[in-house]
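Heads up, the thing below is written out as structure tokens.
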Amino acid sequence: MSGRLALLYLDRGNGWECLTPHENDQAALESLSIDWGVDSIGDQPDAPVLRFTIRDRSGDLAGDVLYLAGAKVWLQKTDAVPWQTFDIAGQWRQVAESVSWAELADLKPPAIPSTPDSGLETIFYGRVTVGGEVTQRKGRNDWLVSLYASGMSVLAHRQAAQGPEQSGTLAGHHWPASPSERLDVLQSRLAALNIPFSDTALAWLRRHLPPVLAPYGDDSHPDLITLVRNLASSSPDWPLVYEAYEQGRNTPGVMTVGLPGSPAYVAMLPDGTLATSWQGHVTGTVRAELVMVDDTTLALPDPVTQVTLKGRKVTWDGEKSVFGFEDSELTFSDRGLVPDNLTESQKSVSVDSDAVIRDDTGGRWTAGVYMPSDSDRLRRADVILANSTRLRPQSLRVESRKVDDVEYAAQFHPWAGLPLTFIHNRYTPLVARDGTPATAGAWLPVGGTLTYRHTAGEATWSNELDLHPLPRDPTLQPLRWGDLRPLTCRWERVTDMTWSEWGQIDVIATNESELDK
């Protein structure tokens, strides 16, 4: 199975140039990789970094390489080949009987636009940074030009401007304490950088803002990305802020959120197929033979015993009649969910937030503070449980040679996509004390390295993923035999599943639409 072609466009100040592999071009894309995301939810994602190599046949680009710094880079994928391209009369008779279904698309290569097409899927958008190298290949009259580019969200790291000034009892501070007002200002400034919040991220943020945020002293100027990340980080959904790309935009960069603290559950549909429901999305289950996994290694979890929310407390300066703000902490425990033998040594994961979590003003502060509910604390405990008890596959990657990069497009993106649930893998025989496989449940890709090569006419995408275990929905009850009634498939349909794999199924759904409620 060949993946879709990568379409690389450069703009060195004179408009977009297409550098995609096809015959007789002066320069063409050789390979690329994108480092993205995080390997631990204890950190926030940095801007994605693109490393790419251009094969320059004439040397003109290599000779002008110093002027590539700051050039805009736009990386897209070709569309899947539709059936309509084969509707020419008599064309089917020209297809050899030996051609397989998988090879059929190769007979009709997709069109390659000369400039970026906003209707195509975007994988990266950014600017070339200083660095790289030029190599002449031995025995060949061409040059390899290796370059680096950073995503547009790197600009948010560099923006440390004054926020709207405050007055009255907040005199001497800037950036609004009202979360909705601060969100509006941030959205405006991100839009000016062409990386606004996506519609889905904006909607999520408006639902999960804390009651009030601490403003910053006039002598403190946080960068824009810090303000974005500290906005709703008190949510037990544990938002990680990513740069993503939206189809249909002339400048496709947007800020989105991955939510590794949000619960997911595994369902079986009446036909015997498994699906994962998470954040209103329903995804299929990837069979293990389609995913490349390190031959021998599972990582034992490093148990987490508590989560520390680093927020702010509000104080009162009676002499100046103004409020002040200092560091403060809230601690979330495992609530007894993690076995005692894993909690003997305390290990905390920290979350930075601008939420006001303590009032030391003697009643003068009336804007409220963030007080985690019992539900919030239970949600944090579920994240601790998942982190501390799930074995993690190492060097896991999805490859377009095995996994269709159209059907599973979300797994070939350089940002947190949709969760994966695995069945029939090499670790299925490892069974936890509760009877489920040690790698059971849904996993969210939170980081990794996306690579592409075009060799001998074949395009191959590979995404080596860092996975985070999603907590299971704590409100769901264990399945009983009576719950299997909606199943309409024959038992032969599910006999390749082990009893332990049945143990990771949370619900039996009558239809797929029931899962996204």
*asked:* Closer than 4.0 angstrom, basic N to acidic O: yes or no for R335 and D382?
replied: no

*Taking all non-hydrogen atoms of both residues into account, name the closest pair between P469 and A386 and its distance.*
CG-O, 3.5 Å

*Can you tell me how far CG of L7 sits from CG of D79, rounded to the nearest 0.5 angstrom?*
9.5 Å

_Is the shortest side-chain heavy-atom distance between L50 and L32 below 4.5 Å?_
yes

*Report the C-alpha separation of W415 and Y245 in whole Å, then their side-chain angles, then the decisive distance to 0.1 Å, and conclude whether the ring pair (Phe, Tyr, Trp, His ring centres under 6.0 Å) test is met.*
CA-CA 9 Å; W415 64 86; Y245 310 103; 5.5 Å; yes

*Please tell me if the side chains of T460 and R401 come closer than 4.5 Å, counting only heavy atoms from C-beta onward.*
yes

*Are any of the side-chain heavy atoms of L19 and Y9 separated by less than 4.5 Å?*
no

_Shortest non-hydrogen contact from L479 toward I505_ = CD1-O, 3.3 Å

*Nearest 0.5 Å please: distance from the CD atom of E246 over to the CD atom of E121.*
13.0 Å

*Between S353 and S234, does any side-chain donor sit less than 3.5 Å from a side-chain acceptor?*
no

_So W278 and L470, do their side chains get closer than 4.5 Å, heavy atoms only?_
yes

_side-chain hydrogen bond (donor to acceptor under 3.5 Å, both in side chains) evaluation trace for T449 with E464_ = CA-CA 5 Å; T449 301; E464 185 166 340; over 6 Å; no

*asked:* Is the shortest side-chain heavy-atom distance between L205 and L231 below 4.5 Å?
replied: yes

*Between W16 and Y125, how do the two ring planes meet: parallel, tilted or perpendicular, split at 30° and 60°?*
tilted

*Determine whether K77 and T122 make a side-chain contact, defined as any pair of heavy atoms from C-beta on separated by less than 4.5 Å.*
no

*Could you check L240, V351, T226, D352 and say which one makes a side chain to side chain contact (heavy atoms under 4.5 Å, CB included) with Q44?*
L240

*Is the distance between the ring centroids of Y452 and W461 under 6.0 Å?*
yes

*asked:* Could you measure the distance from the CG atom of L487 to the CG atom of L269? Nearest 0.5 Å is fine.
replied: 9.0 Å

*Can you label the angle between the W204 ring and the H208 ring as parallel, tilted or perpendicular, going by 30° and 60°?*
parallel

*So is R51 actually on top of Y148's ring, under 6.0 Å and inside 45° of the axis?*
no

*If you count the non-hydrogen atoms of other residues, nucleotides and ligands that lie under 6.0 Å from CG in D199, is the total more than 12?*
no

_Can you confirm if the NZ or CZ of R379 lies within 45° of the ring axis of W238 and under 6.0 Å from the centre of its six-membered ring?_
no

*Heavy atoms only: give me the nearest P445-L465 pair and the separation to one decimal.*
CB-CD2, 4.0 Å

_Test side-chain hydrogen bond (donor to acceptor under 3.5 Å, both in side chains) on T308 and S350; report intermediate values, then the result._
CA-CA 5 Å; T308 301; S350 297; 4.9 Å; no

*Would you say N250 has more than 12 foreign heavy atoms packed within less than 6.0 Å of its CG?*
no

*Side-chain touch P48/E243, heavy atoms, less than 4.5 angstrom*: yes

*Is there a side-chain contact between H468 and V38 (heavy atoms, below 4.5 Å)?*
no

*How close do T331 and Q306 get, heavy atom to heavy atom, and via which atoms?*
CG2-OE1, 3.5 Å

*Taking all non-hydrogen atoms of both residues, which atom of L202 and which atom of Q187 are closest, and how far apart?*
CD2-NE2, 3.9 Å

*If every non-hydrogen atom of R380 is compared with every non-hydrogen atom of L309, which pair is closest and at what distance?*
NH2-CD1, 4.5 Å

*asked:* Walk me through whether S198 and T200 qualify under side-chain hydrogen bond (donor to acceptor under 3.5 Å, both in side chains).
replied: CA-CA 5 Å; S198 67; T200 53; 3.2 Å; yes

*Can you tell me how far NE2 of H157 sits from CD1 of I225, rounded to the nearest 0.5 angstrom?*
5.0 Å

